[in-house]
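Report on the structure given below.
What you see is a predicted model, and the numbers here were worked out from it, not measured in a lab.
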Amino acid sequence: HSVGIIGAPFSKGQQRDGVQRGADHIRAAGLVQKLKGQGCVVKDYGNLTFEDVPKDEPVGMLKTPRAVGRANELLAGAVQKIKSDGNTCVMLGGDHSLAIGSISGHAASRNELSVLWVDAHADINTPLTTPTGNIHGQPLSYLIYELHSKIPIIPNFSWLKPCVAAKDVVFIGLRDLDPGEHYILKHLGIKAFSMTEVDRLGIAKVMEQTCDHMFSKVKKPIHLSFDIDALDPSVSPATGTPVAGGLTYREGIYITEHICQTGLLSAVDMVEVNPNLGKTEDEIKSTVNAAVDLLLGCFGRVREGSHEPDYKIP
Ligand code: ARG
Ligand code: MN
Ligand code: MN
Ligand code: MN
């Protein structure tokens, strides 16, 4: 695997300070060295710098829309570049509003994508259905063709064009949806495995059916958008909107192992790691280590172990 990493220390898609520090914590836990240790070629493109956007007054419900729009425009360019350099792109957040730029930049370099959204939340509120005004709860509504007519004009978002079809999105891990989001999922017929389906089917069948759905016609490159709050808060407590009853560590790892085996993983987001929200050093560690292990699973680490093809027993 050749992997290009971009850090996006951005937090204005939500209101809790600290999530902008997620990327550096994931790096400090040894992500680059560990990826190299499992045979990846890794280029770290560093962190983006996001300038302050003055007078960023709300637009309707939307909080700090200009900062979010500008940050994602920058990120989209960076992801497009990393893809054109021939890498699988890893975007380290930051909050989940960054999926707007990450998926846009990815789509600009490819024809069509499948998006696998692993999250407690659907993040598909529109600017009119959002109960909070936080844009990290809305990125998919800006990206999906079928919702285009529901998105008003927002300052600093004029660069953005929808780039994903509703049929090409799959959710895993859902357990906290707003009414408008549930309506949109049903209305557009979006494939979703809530925690109820994970309980009913088990994670192996969920992944089988996820792949069947994504590969039903042509094999599109996969964009995996992984919100760390998909995992149970006992594993990843240091996050802004934790919800009880999430994926186990093992279910999370299984998802990444299975996606890796498809050979179609083209970009990954790892978002919503907020080191400020760990109550203890151990809570921060557990959250950050889970993020690292999920990324290692995306790039070939398997739990059964492995050895070089020319290995000889001494
Ligand atoms: N549904 C809520 C909202 O729209 C929560 C979203 C949480 N999103 C996240 N990326 N953690 O505000
Ligand atoms: Mn979430
Ligand atoms: Mn499969
Ligand atoms: Mn999310």
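Ring geometry for Y254 against H258 counts as tilted: the plane angle lies between 30° and 60°, on a 0 to 90° scale. Taking the six-membered ring where the residue is Trp, H307 and Y311 present tilted rings, their angle falling between 30° and 60°.
By the ring-ring contact (aromatic ring centres under 6.0 Å, His included) test, H213 pairs with no residue at all, sequence neighbours left out. For F226, there are no ring-ring contact (aromatic ring centres under 6.0 Å, His included) partners at least two apart in sequence or on another chain. Listed by chain and number, the residues in a salt bridge (charged side-chain N to carboxylate O under 4.0 Å, His left out) with D119 amount to none (sequence neighbours excluded). With sequence neighbours excluded, the residues forming a salt bridge (charged side-chain N to carboxylate O under 4.0 Å, His left out) with D52 are K12, listed by chain and number. Listed by chain and residue number, V32, V42 satisfy the side chain to side chain contact (heavy atoms under 4.5 Å, CB included) test with K36 (two or more places apart in sequence, or in another chain). In this structure, the salt bridge (charged side-chain N to carboxylate O under 4.0 Å, His left out) partners of R27, at least two apart in sequence or on a different chain, are D24, D44. Judged as a ring-ring contact (aromatic ring centres under 6.0 Å, His included), and not counting sequence neighbours, Y249 has no contacts. Every ring-ring contact (aromatic ring centres under 6.0 Å, His included) that H96 has, sequence neighbours left out, goes to W117.
Counting only residues at least two apart or on different chains, the salt bridge (Lys or Arg N to Asp or Glu O under 4.0 Å) pairs with a member in residues 163-187 are D168-K220. The salt bridge (Lys or Arg N to Asp or Glu O under 4.0 Å) pairs that include a residue from residues 281-294 are K279-E283, where partners are two or more places apart or lie in different chains. Annotation: salt bridge (Lys or Arg N to Asp or Glu O under 4.0 Å) contacts involving residues 248-265, sequence neighbours excluded, comprise E257-R303. Sequence neighbours left out, the pairs with a member in residues 70-94 that pass salt bridge (Lys or Arg N to Asp or Glu O under 4.0 Å) are R70-E73, K81-D85.
Of all heavy-atom pairs spanning C260 and F299, the tightest one is SG-C, 4.2 Å. Here the closest non-hydrogen pair linking D269 and S225 is OD2-OG, 2.6 Å.
Counting non-hydrogen atoms of other residues, nucleotides and ligands closer than 6.0 Å to NZ of K34 gives a total above 12. No more than 12 heavy atoms of other residues, nucleotides or ligands lie within 6.0 Å of CG in N111, so this atom counts as exposed by the packing criterion.
The shortest side-chain heavy-atom distance between P233 and V243 does not fall under the 4.5 Å cut-off. I124 is listed as a side-chain neighbour of L147, based on a closest heavy-atom distance under 4.5 Å. Within the 4.5 Å cutoff, side-chain heavy atoms of Q138 are placed close to those of L62. Side chains of Q209 and F193 form a contact here, defined as non-hydrogen atoms less than 4.5 Å apart. Counting heavy atoms from C-beta outward, N125 and P131 have side chains that approach closer than 4.5 Å. The shortest distance between side-chain heavy atoms of V19 and N276 does not fall below 4.5 Å.
Taken to the nearest 0.5 Å, the NE2 atom of H25 stands 6.5 Å off from the CD1 atom of I284. Note that CZ of F157 and OH of Y142 are 5.0 Å apart. Values are rounded to the nearest 0.5 Å. Residue I135 holds its CD1 atom at 8.5 Å from OG1 of T130, rounded to the nearest 0.5 Å. Atom CG of residue L231 and atom CG of residue L294 lie 5.5 Å apart, to the nearest 0.5 angstrom. Taking CG of L113 as the reference point, atom CG of L224 lies at 12.5 Å (rounded to 0.5 Å). Distance SG/C211 to CE/M207: 5.0 Å, rounded to 0.5 Å.
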